[in-house]
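Chain letters run A, B, ... following the sequence lines, proteins first and then strands; every chain starts at 1.
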Number of protein chains: 2
Amino acid sequence: MGTTQLETVPEPKYWHLKTVLTEALDSEFAVGEILPNERELAARFGVARATLRQALEQLELEGRLQRRRGVGTTVAPPRMGVAVGDAGHAWPGADTDAWQPVDSVEAPPPQAVARLLGTAAGEDVHTVRRTRRTHAQPVAAELLYVPAAGVPGLAGLDTLPGAARARAVLRELQRLELEGQDRAVELGSARADDAKQLDRLPGAPVLLVTTRYFAAGRTAAVSVATYRADTCRLTFGDTGMQLLAG
Amino acid sequence: MGTTQLETVPEPKYWHLKTVLTEALDSEFAVGEILPNERELAARFGVARATLRQALEQLELEGRLQRRRGVGTTVAPPRMGVAVGDAGHAWPGADTDAWQPVDSVEAPPPQAVARLLGTAAGEDVHTVRRTRRTHAQPVAAELLYVPAAGVPGLAGLDTLPGAARARAVLRELQRLELEGQDRAVELGSARADDAKQLDRLPGAPVLLVTTRYFAAGRTAAVSVATYRADTCRLTFGDTGMQLLAG
DNA sequence: CAGTGGTCTAGACCACGAT
DNA sequence: TCGTGGTCTAGACCACTGG
């Protein structure tokens, strides 16, 4: 009867919509171009706005679209490759890296971090906040936790302004000999403070990179970096690989 | 007047809901326990079901919940640490790794992969499908692309059954001397076929790990592995780190 | 101010798993 | 067959951005 897929399960509308939109993006739209608004698109495809939004959400998750309240939906450029292991076994704060210290406080870390550091619950550690920008866009927000015990010469910094304190902590860190590090990457959603720094709404999908730095036979620091999942592709590599560059 | 947060923006309901549920999960529920169903929960919190679902979605994204149609919503165990760079510069298919070959075909790869391999568009490459399980759960599905030019002795395999072909390709690969590799990690959504292997719905959030293998001065193979983002934490490391183990 | 995306509602029906 | 989560609708109002 010429039918090919009759008995098969009905594909959800939003899924089919996503496919159609993907093809349209590939062929008919240029990077940065503004799509018609959601109500218009929904009407055009004959679906409810919520259904259309489900498709747009996925496309944004995949880095194909960028939506901004009050502005509109634009076609996103290909994801940026962001080197995560770039200097290979280097302390954070090296001259080569793209991080910028914001401020620093002394406070007890989250429970999970304390466990990694091996510090007692409630024990204060130096907490440095940094942000990372690439191509003038914020790509990551980081909290770097450094137990006071691991870095001498960090007492009496309380009087320094935040950014200066942050730089001081990083400077002290780099005095130690780095013995090794390891990393983990997982999916998360942006906390309110990180979201603000990343120029996204709270709850936006992010890639959480947790790094442990080893020195003097112990965990000298732990970093939790929050990367925008929509715009970033994290690269690890022996060589300076540029996956999908262009 | 004793008010602390009066002028601030009203927090979205689903966000507040997520916070409340997170605390409840931490204190009142055990791993594997079944939550009340969505209609019940929505009623209990006095919100529409869609709003409740928005909160549940985020919690599932963060790996705190697991939802299965026809069954219910359960409290998820902590994410599994899955070693991604574990054997450090080893070909895929080494005895130590947890991958299991499924089948193999000879076909043109996606455009993006062809670009990485440096093959002409439309040119056939060996495509090996593998899956990875940890603790009896499927955690990843992989497509490994190997240009015929890079691995001699792979002609005339067409008659072999799929799994045998897959093993043959892997065996040939390991004959070459591996000169290096690099990786990229990004967020994606599961294609229909991967979703089936991962026991998830299409569109489920996944971590896409793209690996290039270098040998004989060229890219000898490219692997695109699709990890379940809800249950996996990808680990990279010098040491056999077990972030947040337990 | 007008127009955008973000949130929320109160329903309905469907696909799936267990019984 | 029943109960679950998954999809979908047709509205409403809100928060933000820009002119």
Spacing of [X] atom [atom1] relative to [N] atom [atom2], expressed in whole Å:
| X | N | atom1 | atom2 | result |
| --- | --- | --- | --- | --- |
| A:Arg69 | C:dG3 | CZ | C1' | 14 Å |
| B:Gln66 | D:dT4 | CD | C1' | 15 Å |
| A:Lys196 | D:dC16 | NZ | C1' | 13 Å |
| B:Leu41 | D:dG5 | CG | P | 8 Å |
| A:Lys13 | D:dT7 | NZ | P | 13 Å |
| A:Glu38 | D:dG11 | CD | P | 17 Å |
| A:Leu52 | D:dG11 | CG | P | 17 Å |
| B:Trp15 | D:dC14 | CH2 | C1' | 18 Å |

Notebook entry, point to check: Mapping B:Ala50 and B:Gly70 onto DNA chain D by nearest heavy atom, which one lands closer to the 5' end?
Noted result: B:Gly70
When you measure from the side-chain N and O atoms of [X] to the phosphate of [N], is any distance below 4.0 Å, counting only OP1 and OP2?
| X | N | value |
| --- | --- | --- |
| B:Thr51 | C:dT9 | yes |
| A:Thr73 | C:dG5 | yes |
| A:Asn37 | C:dG3 | no |

Next item on the list: Give a yes or no on whether a salt bridge exists between A:Asp182 and A:Arg212, defined as a side-chain N under 4.0 angstrom from a carboxylate O.
Entry: yes
Item checked: Note: A:Glu38-A:Arg53 ion pair, threshold 4.0 Å (strictly below) -> yes
[X] has a side chain; which of [options] sits nearest to it?
| X | options | answer |
| --- | --- | --- |
| B:Ala48 | C:dT9, C:dG5, D:dT7 | C:dT9 |
| A:Pro12 | C:dG5, D:dT7, D:dG6 | D:dT7 |
| A:Arg67 | D:dG5, C:dG6, C:dT9 | C:dG6 |
| A:Tyr14 | D:dT7, D:dC13, C:dA10 | D:dT7 |
| B:Arg53 | D:dC8, D:dG5, C:dG5 | D:dG5 |
| A:Arg39 | C:dT9, C:dT4, D:dG6 | C:dT4 |
| A:Val71 | D:dT17, C:dC8, C:dT4 | D:dT17 |

Item checked: Whether A:Arg200 side chain and A:Asp194 backbone form a donor-acceptor pair below 3.5 Å -> no
Next item on the list: Please confirm whether the backbone N or O of B:Ala98 pairs with a side-chain atom of B:Arg133, one donor and one acceptor, at under 3.5 Å?
Entry: no
Next item on the list: Would you indicate what A:Leu201 reaches in the nucleic acid, counting non-hydrogen atoms under 4.0 angstrom: base, sugar-phosphate, or nothing?
Entry: sugar-phosphate
Margin query: Need one value for A:Arg68: base, sugar-phosphate or nothing, where a base atom within 4.0 Å counts as base even if backbone is also close, heavy atoms only.
Written below: sugar-phosphate
Next item on the list: Examine the side chains of B:Arg183 and B:Thr211 and answer whether a donor and an acceptor come within less than 3.5 Å of each other.
Entry: yes
Note to self: Once you measure the plane-to-plane angle for B:Phe236 and A:Phe236, does it fall in the parallel (<30°), tilted (30-60°) or perpendicular (>60°) bin?
What the structure shows: parallel
Check: Quick one: does A:Arg49 reach the base of C:dG6 with a side-chain donor-acceptor pair under 3.5 Å?
Finding: yes
